[in-house]
Amino acid sequence: MPAAPVKPTIYRHPHGISAIDAEYLYAGHAAAHLIEDSGRAAFVDVGTNDSIPYLLAALDELGIPRAAVDYVLLTHVHLDHAGGAGRLMQELPGARAVLHPRGAPHMQDPSRLIAGSKAVYGEARFRELYGELEPIPRERLQIAADGERLTLGARTLELLHTPGHALHHYVVVDAAHASIFTGDTFGISYRALDTPRGNFITPSTVPTQFDPEQHLISIDRMLAYRPESMYLMHFSRVTGVPRLAELLKAQIRELAAIARRRAQDADRAQAIRADMLALWIGLARREGSTLDAAALERALAGDLELNTQGLIAWLDRDRERKS
Ligand SMILES: [Zn+2]
């Protein structure tokens, strides 16, 4: 790949942690994270193929040689997190891509991932967003067991399996720095929605493996580490974790209740989406947000759509299991 003439947006956080805007959909939507310790580095989630030039430019700007990157930690294989991983691995000679046992096969052979994503986005939109997915050779993949510890420089990173958003999801715990890289397991928190009381947060209930009970357990499992900072893909660092966890858990319960209540509606998608938006507007008001309803709906439009699809997929899966 020729040196790409892009200017990365880099956010410097404490403890050798940086966020790089993955430039997915719009600035401030998705962040890849980079952890540096004693001359070694690891990415946590990478964005799409179009994100990779920004990540490589960020390495240059931060003075980190490509050969110093030991790990590409992929919390799960949703394409906004891992779509560019194959291409990035080709640029990082010493890195291993670390995946949940259920996620790794999809990086080695992305055909099912492509088919699943086309079902959500349609052919044309898929091409535009994700392009050609590069497979990662088997010998460069590392399977992450639950509780597995990795060494990065002088730092220990612990990987926890955290189903709920996706069955094949893990998070990266940096216990010494009270930080967790949560992928999508600690929801979504756009900086544009911050309120006087702190960050605003919403769960991501996207297709096809959302499971409210597992999700609540996974959040409690993370809270047991008493983290001070959570690093989200959407969008980077949040603090005041106990308050956010309560907001998140209440919404996971409420969204599941909305889906069940609307399951028999003639247009359940429309009804679920409307109830979700009303819930979010109410919560944002309660937290002191000064954004009007239309601005909130604009900011959360993509999530309303995907969350609704995911809740419907959950309802249908639930019904099949009981029939
Ligand atoms: Zn996801």
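Quick caveat: nothing in here was measured; it's all calculated off a predicted structure.
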Looking at [Y] and [X], is any side-chain nitrogen of the basic one under 4.0 Å from a carboxylate oxygen of the acidic one?
X	Y	answer
R87	E132	no
E139	R96	no
R127	E123	yes
R262	D267	no
R268	D316	yes

Within a strict 4.5 Å, meaning less than it, do heavy atoms of the [X] and [Y] side chains meet?
X	Y	answer
L160	Y225	yes
V171	L159	no
T202	Q251	yes
P8	E23	no
Y130	S117	yes
V44	Y231	no
V98	Y170	yes
F186	S218	no

Exercise. For the side chain to side chain contact (heavy atoms under 4.5 Å, CB included) test, which of V173, T185, L223 pairs with I180?
Worked result: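 Testing each of V173, T185, L223 against I180, the sole residue satisfying side chain to side chain contact (heavy atoms under 4.5 Å, CB included) is V173.
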Exercise. Under 3.5 Å, is there a donor-acceptor pair between the H234 and D80 side chains?
Worked result: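 Yes, side-chain donor-acceptor contact under 3.5 Å.
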Exercise. Any side-chain donor-acceptor pair under 3.5 Å between T48 and D50?
Worked result: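 No donor-acceptor contact under 3.5 Å links the two side chains.
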Problem set entry | Intermediate values then yes/no, side-chain contact (heavy atoms from CB on, under 4.5 Å), F181 and I17 | CA-CA 10 Å; F181 299 84; I17 296 165; 3.7 Å; yes
Exercise. Using the benzene-type ring in the case of Trp, are the ring centres of Y190 and H29 under 6.0 Å apart?
Worked result: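 Here the rings of H29 and Y190 have centres that are less than 6.0 Å from each other.
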Problem set entry | Ring centre gap for H161 and H169 strictly below 6.0 Å |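 So the answer is no for these two rings.
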Exercise. So H76 and H168, would you call those rings parallel, tilted or perpendicular, with 30° and 60° as cut-offs?
Worked result: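 The arrangement is tilted - the two ring planes meet at 30° to 60°.
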For this session: Report, as yes or no, whether the 6.0 Å neighbourhood of atom CZ on R149 holds more than 12 heavy atoms from other residues, nucleotides or ligands.
Result: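 Open.
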Problem set entry | Approximate separation, where rounding is to 0.5 Å, of Q270 CD and D275 CG |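 Separation between the atoms: 9.0 Å.
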Exercise. Between atom CD of E228 and atom OG of S179, what is the distance when rounded to the nearest 0.5 Å?
Worked result: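 One finds 7.5 Å between CD of E228 and OG of S179.
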